[in-house]
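See structure below.
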Amino acid sequence: SRPVRAAGRPIKLGFVSPETGPIAAFGEADAFVLAGLKDVLAAGVTIDGVQHPVTIIRKDSQSNPNRAAEVTAELINSDKVDIVLGSSTSDTTVPVADQCELNGVPCICTDTPWQAWFFGRKGDPKKGFEWTSHFFWGVEAITAVFTNLWLSLDTNKRVGALWSNDPDGAALSDAQHGFPPAVKARGFDLVDLGFYPIMSDDFSAQINAFKQAKVDIVTGVFVPPAFATFWTQAAQQGFHPKIATPAKALLFPSAVEALGDRGVGLSTEVWWSPHHPFKSGLTGQTAQQFCDAYTKSTGRQWTQPIGFKHAIVEVAMDALRRTRKIDDPASIQAAIRETDYSSIVGPINLKKGPVPGVATTPLVGGQWKRGSKFKYELNIVNDQTAAFIPLDSKFEPIAS
Amino acid sequence: MTGPLLELVEVSKRYGALTVADRLSLAVGDGEALGVIGPNGAGKSTMFNLITGDVRADAGAIRFAGGDVTALAPHLRCRRGIGRSYQIPHPFAKMTVFENLLVAAIYGARRGERESAARCGEVLDLTGLAAKANIPAGTLTLLERKRLELARALATEPRLLLLDEIGGGLTEHETRALVETIRAIRAAGTAIVWIEHIVHALLSVVDRLVVINFGRKLAEGEPQAVMAEPRVREVYMGIPTQ
Amino acid sequence: MSVLETRGLNAFYGDFQALFGVDVAVGAGETVAIIGANGAGKSTFLKAVVGLIAGAGGEVLFEGRQIGGLRAHEIVRAGISLVPEGRRLFPSLSVEENLRMGAYAGRAGAWSLGRVYELFPVLAEKRQAPATSLSGGQQQMAAIGRALMSNPRLLLCDELSLGLAPAVIKDIYARLAEIVAEGATLVIVEQDINQALAASDRFYCFQEGRVSLGGAAKGFDRAAVTAAYFGV
Amino acid sequence: MEWLSVIVQGTLLGGLYALFAVGLSLTFGIMRLVNIGHGDLIILAAFIALVVVQALGIHPLASLAIVVPAMFALGYLLQRGVLNRTLGESILPPLLVTFGLSVIIENLLLQLFGADTRRLHVGALETDSLVLPGGIAVGLFPLLIFAVAVAVIAALQLLFYRTDLGRAFRATSDDAVTAELMGADNRHLYALAMAIALAVTGVAGVFLAIRSNFDPAIGPSRLIFAFEAVIIGGLGSLWGTLAGAVILGVAQSIGSALRPEWQILAGDITFLVILVLRPNGLFQRTRD
Amino acid sequence: MRAAFRIDRGAAGRVFGLAALIAAAALASLPLWVDSGVTRLAGEMAYYLALAQLWNLLAGYAGLVSVGQQAYVGLGGYALFVLCGSLGVHPLLAIPLAGAAAAALSLPIALIVFRLRGAQFAVGTWVVAEICQLVIAQLPSLGGGSGQSLTAAVVRAIAAGRTTREMIFYWCSLAAGLAVLALVYGLLRSRIGLALTAIRDSEPASRSVGVDTFRTKLLTYVVVAFCTGAVGGLIFLQKLRISPDSGFGLQDWTVVVIFMVVIGGIGTIEGPFLGLFIYFALRQLLADYGSWYLIILGCVAVFFMLYARDGIWGWISARFGLQLFPVRRHLVRVTPARRASLDDAADPKG
Ligand SMILES: Nc1ncnc2c1ncn2[C@@H]1O[C@H](COP(=O)(O)OP(=O)(O)OP(=O)(O)O)[C@@H](O)[C@H]1O
Ligand SMILES: Nc1ncnc2c1ncn2[C@@H]1O[C@H](COP(=O)(O)OP(=O)(O)OP(=O)(O)O)[C@@H](O)[C@H]1O
Ligand SMILES: [Mg+2]
Ligand SMILES: [Mg+2]
């Protein structure tokens with residue numbers, strides 16, 4: 001190729017995520033992640049012999065879908081960004097992707113089960129979307145992980161489920177693609193109580209129903225405060241299941257700390273951990289090194305979203321490297337669609353699908369146990385879905 | 001049309017155990033001026049509220065201008081020609097005095113805006129509020145507010161005007177002016193029912209006097225004769241009978 | 001020494017000046033009437049004395065003490081009480097609670113619930129009723145009773161007889177005389193000159209925010225008063 | 001038996017709502033101050049308790065001894081320095097100011113403590129329960145919350161309806177100018193009322209922090225229940241607020257037993273139905 | 001000789017009216033000379049102006065302090081999604097239909113909430129909005145709790161290109177803003193405005209002078225619901241996605257609007273304009289500062305309420321006696337002599 005001539009125009013990436021509001025925990029590490037990538041971004045990418053620095057414009061969705069749509073429109077219309085990156089729950093990723101799709105701006109999203117992102121936007125599984133891409137695990141993965149976990153212990157195979165009335169709850173409880181058929185297919189009885197309102201302060205009626213049905217396993221989708229209330233009331237009402245695997249509720253160590261010792265033994269999905277055998281194609285850092293750096297810099301325990309925040313920037317940089325005409329969004333989009341990249345959260349291949357423009361990342365089963373370095377630690381206890389990820393310990397029933 | 005302009009037939013109203021109108025019957029002729037007196041709490045203002053519909057009667061009937069208005073909403077009674085002033089003034093505080101009247105003229109008298117302006121101007125002149133026409137009613141003094149009550153009621157061009165203590169707190173001179181005003185209103189053909197504790201002012205205007213006590217009619221008739229009745233002198237004026 | 005004395009008292013509503021250098025003196029045990037046409041500033045004067053309107057220039061002395069800068073609640077505690085124009089009872093309190101509120105300042109004296117009920121028996125009947133359910137005249141009684149409950153040394157009455165039946169007015173004025181006899185001082189604002197002057201020792205006539213005439217109530221000169229009223 | 005259990009649990013839930021609502025019942029019911037920041041003030045109290053517990057290592061319930069006076073002082077200063085200037089005929093200025101406060105508190109807490117979800121632990125008391133005949137398990141802690149709500153309401157009821165001070169509170173909220181004529185210093189009284197309201201909020205905050213998780217963002221979401229409880233009960237009536245809260249709790253509980261989705265809807269609809277039947281609530285004190 | 005009177009509606013407004021027309025024309029041409037980011041922002045301001053004027057009409061003039069107007073934004077938005085997404089109606093036609101849907105629902109709602117007064121009304125309307133949200137969250141056909149997206153194809157029906165579409169969105173928003181402004185101004189200058197103000201000041205007294213208070217309030221409420229619903233449709237046509245949370249967002253559609261109106265000056269038409277500019281200026285300046293943006297916004301709300309209780313316009317108009325949209329009526333006495341001369345001047349032959 002030709003020698004580097006001159007510095008080209010900066011390439012702008014819009015970065016939308018919830019930094020404030022009810023789901024601010026997901027955006028908490030943004031500053032750390034982006035600061036760590038500063039040098040790599042400043043060095044930028046070389047396209048057609050011209051070196052372009054990359055800048056990131058961060059926008060706060062305030063955990064509010066209206067605001068997410070508005071800041072994305074701003075990124076597109078005022079900041080004229082080249083790519084929009086949206087992350088952290090469908091309240092942000094879906095409106096971000098919708099704006100980009102309509103306005104013809106390349107967009108990458110993550111950190112939302114892909115069905116919620118894809119079918120929630122009325123995607124056509126044959127064609128996919130024109131301008132928007134996504135990588136994360138999906139409902140099929142989480143059902144497999146959960147049922148694998150449950151089958152590994154001796155229970156009466158009776159599962160009680162409760163779903164939050166939001167996109168995640170809707171995706172996971174879907175009668176065709178969600179938990180109910182998958183769980184039944186593997187021989188479980190499902191006591192499905194349906195949706196509960198997000199602001200619920202009381203689960204006594206549902207707990208009563210679970211108790212009546214002699215449920216051994218509890219699952220569903222919960223936000224942390226709702227699960228905490230549920231779990232406390234369950235104890236008060238003398239309901240002690242052998243396994244509790246609530247999705248979404250136990251991602252953050254703080255949620256488990258808030259439960260105290262009653263958090264020990266609860267199981268959850270694990271998207272990523274320091275023990276995942278991956279390293280960043282951009283910086284060469286391993287998952288373990290990255291988590292250590294995070295703890296060192298912030299004094300906090302690692303959390304699952306930080307890897308994905310890192311990965312989404314990696315995927316964008318990788319696509320830019322392969323872009324031929326930087327001023328043509330279609331060229332950038334073509335490069336994104338050609339992604340076959342090895343990131344800190346694992347391989348991301350946007351060519352394969354499950355559906356066009358969506359890549360899946362591995363998901364395994366974890367359980368919260370008493371830890372050494374931190375009070376509670378998330379152990380990987382089931383890797384039937386991704387055997388290359390090492391186990392930390394064995395899955396155990398909740399001590400009662 | 002025959003018969004009285006306003007007729008109350010055995011109207012009753014209770015507040016809990018307290019009967020404030022006790023099978024009260026009353027008639028007011030077209031163009032008549034009727035005075036109402038009675039001790040505090042006798043039920044005079046309540047009677048007005050029953051006539052205007054601010055309070056619904058428990059029993060009995062109210063007829064006005066030949067129609068039964070017992071079940072009619074207050075604003076419809078106003079449009080039929082019942083205008084009232086409140087004992088405790090209710091001005092539209094943030095509107096100007098003129099606008100207060102304008103609402104009444106447009107909605108009560110169903111006039112056009114331009115026509116109403118003239119009418120309101122005249123009423124303001126008549127009631128001595130002309131100088132205050134364009135200031136917010138909220139800044140009026142208590143007595144000016146009372147005059148505003150009268151003016152606003154007049155602006156609805158009522159056939160029957162109900163006045164609840166608009167003369168309290170006036171100087172002799174002002175009282176005389178008020179009496180003149182009311183006479184003028186009456187001369188224009190409006191029937192008047194006036195509740196007032198300033199008896200001499202009342203007597204100089206009305207044709208007939210009704211005394212109410214405990215929601216019942218204590219006396220009724222020619223004013224001087226009523227005032228001379230010992231019962232009335234005792235109950236109302238506090239002059240014990242020998 | 002005067003119980004109440006104002007020197008050069010001014011008062012404003014926003015930019016509008018309602019009092020212009022008012023000088024009034026009320027001696028101990030006196031009953032003084034303040035008369036004047038509509039909007040002359042009588043109510044404003046009373047409000048300025050009790051601290052409801054910040055005085056803007058001039059002095060207010062109560063028993064020789066400056067009370068000009070004090071706030072209303074401090075002035076009540078010092079011993080001045082006002083029966084406000086238009087009653088102003090507390091709507092969410094019962095009749096009795098309204099009366100008790102009158103005693104909030106905690107001044108000891110002859111007036112108690114019992115005595116007020118004796119003065120206005122109808123209030124005793126309605127002691128538990130909400131104040132809003134009283135008739136206009138009954139509300140005026142409650143307002144007077146409430147003011148008395150603070151056992152004031154100086155009682156200011158604004159349009160005392162408004163809305164009261166003649167029998168009641170007669171009664172109240174008789175009682176006021178008793179109150180004065182017990183050592184209180186009285187200022188009454190009343191538009192009915194005859195009523196006001198009959199009950200008082202001296203009077204001040206206000207006109208457009210200024211004192212236009214003052215003198216003894218007995219044998220007043222009707223023509224002079226009329227002139228002072230309307231400024232002719 | 002199942003329905004009995006539903007009603008028992010709903011009543012206990014009502015106890016929680018009552019505790020949230022009492023402070024509001026004072027500010028809203030008595031001062032007509034629509035305090036949108038009430039929920040965030042509860043969370044603020046919870047965070048104060050968290051800091052106290054972490055710093056001193058004391059039992060969370062013992063933190064009441066510090067949280068309540070702190071909130072009392074905060075309430076006094078807040079009212080005297082800020083809210084007093086917003087009171088008047090219109091309900092809007094206080095509404096807007098307290099909304100501003102709500103946003104300020106929430107985001108300051110977020111700055112100071114991050115978005116993590118927190119909890120105060122009281123060991124076994126969290127999960128212990130009594131088993132009533134018929135197998136209805138009643139959590140001790142919810143029972144304690146209910147008892148505390150009743151006690152707080154009883155105390156406030158005495159204060160507001162049996163003392164001179166309480167009468168002065170109500171008089172001042174009706175007509176501050178006239179109350180001043182009676183010798184009541186309205187600025188001080190309002191400040192005192194707010195101080196008491198926030199002291200109660202402090203109690204609510206500590207109990208909330210023990211009952212369930214909290215984070216800076218959850219303040220506003222329960223505010224509407226507190227408002228509903230106050231209005232169902234009737235403005236200015238503290239026992240009414242308790243009744244309102246219990247009605248709301250039972251309605252939600254029944255709704256949720258029928259279908260989990262209906263929980264909140266059932267409460268809201270009950271609220272509207274009651275208001276349509278009795279626009280002034282069940283036990284409104286005199287006014288208007 | 002009888003005195004004659006006429007009503008003076010204020011002359012200051014006429015000069016301003018001309019200026020406003022010119023400004024409106026300039027605004028209409030905005031997309032032709034500024035970049036699409038500015039256009040988008042201006043469009044957002046235009047629909048917020050509409051929401052603010054509508055809320056101000058309710059709360060500032062009719063005394064109906066509603067904290068539940070988000071109900072109509074959300075209902076309008078959902079109606080639009082159903083009309084365009086499921087029934088295939090053209091999006092621009094769907095906007096007024098969304099308004100009609102909101103208005104239709106506002107009728108039964110009014111019958112319930114009109115029984116309430118003051119603070120009860122405020123909270124009652126809030127609960128009604130909440131109920132709308134909860135009910136919609138339970139209808140799977142509308143996307144339940146997760147909401148639904150408008151497919152790009154539907155929006156492309158307006159215009160295929162992004163630039164043209166953004167212009168059309170902008171013009172729609174501008175038209176909505178100006179139409180609502182004209183409607184509110186017209187309503188307030190009409191006799192209905194007079195009745196509304198009277199009702200706000202005293203309901204029993206207005207009844208006693210013949211005002212049908214219920215019908216007047218109902219009319220206003222329904223008209224406001226119609227406009228709010230239409231604006232809601234327009235908003236979500238641009239947002240492309242609606243969910244119960246976003247559609248019925250208390251903060252976005254009511255609190256921000258209250259902020260604008262109250263900061264600017266409630267009960268004036270000028271006030272909401274000022275509040276609008278202050279809010280957007282703050283948002284543009286501070287939006288990237290995360291929590292601090294919100295903290296400062298909160299402080300501004302507190303500050304203005306403490307130091308300018310009648311809002312900024314209230315302060316300005318008290319100080320300078322300024323009125324740009326005169327809705328007041330002054331009674332002017334025309335002396336007979338002067339009237340004659342006026343008549344002469346008006347007579348073309350004279
Ligand atoms: N809403 C109400 N609830 C309960 N009692 C009421 C209500 N309104 C009036 N009353 C009572 O009804 C009686 C009659 O009141 P009303 O106002 O008619 O008296 P009134 O004759 O006008 O007296 P006044 O001359 O003092 O104005 C009074 O005893 C009063 O306390
Ligand atoms: N709140 C107010 N705002 C503005 N001006 C006021 C206010 N209250 C009174 N005024 C004006 O101050 C002047 C004096 O009023 P004040 O109430 O003292 O009169 P008054 O002598 O008591 O009259 P009245 O006999 O009518 O009660 C009047 O011109 C009045 O318009
Ligand atoms: Mg009366
Ligand atoms: Mg006066």
Side-chain angles (χ1 to χ4, degrees), chain A residues 19-21 24 27 30-31 57-60 62-80 90-91 94-105 116 119-124 129-132 163-171 173 194-195 197-199, chain E residues 34-41 43-44 73 77 85 130 133-134 137-138 140 143-156 158 160-163 165-166 169 235-247 249 251-253 256 283-284 287-295:
Chain A
E19 290 169 35
T20 55
D30 292 356
I57 303 174
R58 254 166 85 188
K59 294 275 179 192
D60 178 9
Q62 295 171 5
S63 310
N64 173 338
N66 288 326
R67 187 72 191 144
E70 219 39 63
V71 292
T72 309
E74 229 171 79
L75 286 170
I76 295 169
N77 290 308
S78 302
D79 298 313
K80 315 253 184 293
S90 51
D91 272 349
V94 170
V96 166
D98 279 342
Q99 287 293 333
C100 293
E101 183 70 21
L102 178 68
N103 290 310
V105 175
F119 294 112
R121 296 169 55 213
K122 306 210 178 113
D124 178 347
F129 292 101
E130 204 180 328
W131 293 98
T132 52
W163 316 99
S164 56
N165 193 2
D166 63 6
D168 297 323
S173 66
F195 293 117
I198 312 243
M199 330 183 247
Chain E
V34 300
D35 96 337
S36 59
V38 179
T39 311
R40 177 114 187 164
L41 184 67
E44 200 188 352
V73 175
E130 177 105 347
Q133 172 177 358
L134 290 167
Q138 297 186 12
S146 27
Q148 52 176 323
S149 289
L150 215 51
T151 52
V154 169
V155 188
R156 293 211 180 103
I158 298 174
R162 190 211 301 179
T163 332
R165 199 169 51 232
E166 287 291 330
F169 280 157
I235 290 173
F236 284 97
L237 182 59
Q238 300 178 47
K239 298 248 189 252
L240 304 177
R241 179 169 183 83
I242 193 166
S243 68
D245 284 347
S246 65
Q251 183 162 338
D252 287 345
W253 311 130
V256 165
R283 206 182 77 176
Q284 292 310 109
D288 294 334
Y289 295 93
S291 321
W292 290 110
Y293 151 63
L294 295 163
I295 293 174

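Here the structure is a predicted model, which is why all the values come from computation and not from measurement. So that the names make sense, note that chain A is the first sequence line, chain B the second, and so on, each numbered from 1.
Residue A/Asp98 holds its CG atom at 12.5 Å from CD1 of E/Ile242, rounded to the nearest 0.5 Å. Interatomic distance, OG of E/Ser146 versus CZ of A/Phe119, reported as 13.5 Å (0.5 Å rounding). Note: E/Tyr293 OH to A/Glu19 CD = 13.5 Å, rounded to the nearest 0.5 Å. Rounded to the nearest 0.5 Å, atoms CZ (E/Arg241) and CG (A/Leu102) are 14.5 Å apart.
Of the listed residues (A/Ser78, A/Ser90, A/Ser164), the one with the most heavy-atom contacts under 4.5 Å to chain E is A/Ser78. Options A/Lys59, A/Arg67, A/Glu130, A/Glu70 differ in how many heavy-atom pairs under 4.5 Å they form with chain E, and the most are formed by A/Glu70. Of the listed residues (E/Arg283, E/Gln138, E/Gln251), the greatest number of heavy-atom pairs within a distance under 4.5 Å of chain A belongs to E/Arg283.
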For a side-chain contact (heavy atoms from CB on, under 4.5 Å) check, start with the C-alpha distance between E/Leu240 and A/Glu101, then their side-chain angles and the critical distance, and finish with the verdict. CA-CA 10 Å; E/Leu240 304 177; A/Glu101 183 70 21; over 6 Å; no
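Side-chain contact between A/Val105 and E/Arg162: present, with at least one pair of heavy atoms (C-beta onward) separated by less than 4.5 Å. Using a 4.5 Å heavy-atom threshold, the side chains of A/Lys122 and E/Leu150 count as separate. Side-chain contact between E/Asp35 and A/Lys80 is present, with heavy atoms from C-beta onward closer than 4.5 Å.
Both the backbone and the side chain of A/Ile76 come within contact range of chain E, each with at least one heavy atom under 4.5 Å from a heavy atom of that chain. In this structure, the portion of A/Asp60 lying under 4.5 Å from any heavy atom of chain E is its side chain and not its backbone. Contact annotation for E/Gln284: only side-chain heavy atoms (C-beta onward) come within less than 4.5 Å of a heavy atom of chain A. A/Thr20 touches chain E through its side chain: at least one heavy atom from C-beta onward sits under 4.5 Å away, while N, CA, C and O do not. Of the two parts of E/Gln238, only the backbone, made up of N, CA, C and O, holds a non-hydrogen atom closer than 4.5 Å to a non-hydrogen atom of chain A. At a 4.5 Å heavy-atom cutoff, the contact between A/Asn64 and chain E is made by side-chain atoms alone. Heavy atoms closer than 4.5 Å to chain E are found in both the backbone and the side chain of A/Gln99. Heavy atoms of E/Trp253 lying under 4.5 Å from chain A belong exclusively to its side chain. Using a 4.5 Å cut-off between heavy atoms, E/Leu294 touches chain A through its side chain atoms alone.
Looking at every heavy atom in both residues, E/Gly144 comes nearest to A/Asn165 through C-OD1, 4.3 Å. For E/Lys239 against A/Asn66, the heavy-atom pair with the smallest separation is NZ-O, 3.5 Å.
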